[in-house]
There are 2 protein chains.
Amino acid sequence: MRLADLSKRSGVSTATIKYYLREGLLPPGRQINATTAEYDDGHLRRLRLVRALIQVGKVPVATAREVLGHVDDESLGRTIRLGAALWALPQDAEPDEADPAVTAARTEVDRLLELLGWETSRELAPLSPVHRSLVVAVAALRRLDYPWDAELMAPYGELMMQVARRDLDFMETHASEAEKVEMAVAAAVLFQPVLRALHRLAQEEESARRYGIE
Amino acid sequence: MRLADLSKRSGVSTATIKYYLREGLLPPGRQINATTAEYDDGHLRRLRLVRALIQVGKVPVATAREVLGHVDDESLGRTIRLGAALWALPQDAEPDEADPAVTAARTEVDRLLELLGWETSRELAPLSPVHRSLVVAVAALRRLDYPWDAELMAPYGELMMQVARRDLDFMETHASEAEKVEMAVAAAVLFQPVLRALHRLAQEEESARRYGIE
DNA sequence: TTCCTCGGATAGCGCCACTATCTAAGCAGC
DNA sequence: GCTGCTTAGATAGTGGCGCTATCCGAGGAA
């Protein structure tokens, strides 16, 4: 498969594919001679993943490169690779520790993890970028005077744990060993828009049931 | 309160506040004379909401203007205002109807709503931007060969319905009538990062429990 | 009167995801 | 071989977005 074929089968322009190659999101094709390179189904699949991450998941190109780099790092074991890939995903701003809303948010998040009994997350808390994102988001809500505390968040945490269990079950039954890391990344990034849309739909539905459409 | 005070109390630079005023995200202050305008706590609160939408919720400025316009539209009843505001939120790309993955995704989403018994959503389906977003996201997953069908999504839908019920309960108990529309917007936009972070944390936690940290 | 500060208008910046253009090498048909 | 089209690769440019820096004239304080 040549670049033009890859473009046709993926629906991505050759110019954009070249851009992804330059940026290291897509491994180079097998060079046949000075003007021809050969691509295979693996390239096609990777290209679709890249597009999904960037367009559906809104992941910045630089972040996608980093994440995919971890996915491909054969020198690491599966668990580490997965962790590293997920670790690289969030790109939220640093919280401003001088802001009292941030301090309060951190306290509540720590209490939340204790309430939920998420020991691993508590241990990793000081380092985890996801933990940081949560603090930033909670701080923003508290700044708007919403009493968003650990007790209030705990049921949400439980529900998301149920969601996560489903994700992992699905992963175990449907993905081959080789695909699991890739699938976990897809799950973390692409299930998100699905969950968000379902959440909004559920809000609309329940709101209509409670208050009518008017 | 003058512009400089508003800036100090919110932590947003005067240049940025002026930008928001220009863009209509913030109503103009009460003009005292040619060189002075007076702002009040309402402005401060609105400014914080704007920052939260843009920075935490990643809502584009143009979309935020539209959403806030609906929130402020006193000519409409509460339910309509809320619906209009939420309706304006998602800004996903149009699905390409010629793509078979999109067609298949639409079928599965329609089946999903039937399975869940979400009648309101089914009725509004052809118009709703949220519905469209869901189709786009599911199509992306299907293109990656994940067998993402109605039966698989239904439990996620049930879980998100539980989340939505909590949202609405919270809204009923904690928000005054006047704040409800604003709060619903905040819920739709700002709970999202919280849910996402909880989801990721739950994935990490459950993954560590199942497979160890290694 | 002098100087500083204010609000408002305008133009510009920096980042990012592409995209258009150019070049030289190959290959197909004659 | 020669012509002409296509290819891969390099480089510079584009458009949108969220600010941000600068300038201007009006007030207010010393």
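What's counted below: heavy atoms across the whole structure, side chains too, no hydrogens, waters or symmetry copies. Chain identifiers are assigned alphabetically (A, B, ...) following the order of the sequence lines, protein sequences preceding nucleic acid strands; residue numbering begins at 1 within each chain.
Between L26(A) atom CG and dG9(D) atom P there is a gap of 12 Å when expressed in whole angstrom units. If you measure from atom CZ of R51(B) to atom P of dG18(D), you get 12 Å, rounded to the nearest angstrom. L53(B) places its CG atom 12 Å from the P atom of dC19(D), with the value rounded to the nearest Å. The distance between atom OH of Y39(A) and atom P of dA8(D), rounded to the nearest whole Å, is 6 Å. In this structure, the CE atom of M1(A) is 15 Å from the P atom of dT7(D), given to the nearest Å. Atom CG in L6(B) sits about 14 Å away from atom C1' in dC6(C), given to the nearest Å. Summarising the geometry, the separation between NE2 on H43(A) and C1' on dA8(D) is reported as 14 Å, rounded to the nearest angstrom. In this structure, K58(A) atom NZ and dC17(D) atom P are separated by 13 Å, rounded to whole Å.
Closest-nucleotide positions on DNA chain D for I54(B) and K18(B) were compared, and the one nearer the 5' end corresponds to I54(B). Nearest-nucleotide mapping onto DNA chain C: of Y19(A) and I32(A), the residue sitting toward the 5' end is Y19(A).
R48(B) and R9(B) get closest at one heavy-atom pair: NH1-O, 3.7 Å. Residues E108(B) and A150(B) approach most closely at OE1-N, 2.8 Å, considering heavy atoms.
Counting non-hydrogen atoms under 4.0 angstrom, R2(B) reaches the backbone sugars and phosphates but no base. Within 4.0 Å (heavy atoms only), A4(A) reaches sugar-phosphate atoms of the nucleic acid but no base atom. Across all strands shown, E23(B) has no heavy atoms under 4.0 Å from either base or sugar-phosphate atoms. At the heavy-atom level, A15(A) lies under 4.0 Å from base atoms of the strands shown.
Proximity of T14(B) to the phosphate of dG7(C): no side-chain N or O atom is located under 4.0 Å from OP1 or OP2. Applying the 4.0 Å criterion to OP1 and OP2 of dT20(D), one finds that T16(B) has a side-chain N or O inside that range. Contact annotation: Y20(B) does not reach the phosphate of dG18(D) (side-chain N/O to OP1 or OP2, under 4.0 Å). Neither OP1 nor OP2 of dG18(D) sits under 4.0 Å from any side-chain N or O of Q55(B).
Of the listed nucleotides (dA11(C), dG9(D), dG7(C)), dA11(C) has the atom at the smallest distance from the side chain of R22(B).
For the pair I17(A) and S10(A), the minimum side-chain heavy-atom distance is below 4.5 Å. Using a 4.5 Å cut-off on side-chain heavy atoms (C-beta onward), L144(B) and L190(A) make contact.
Using the six-membered ring where Trp is involved, Y156(A) and W148(A) have ring planes that are tilted, between 30° and 60° apart.
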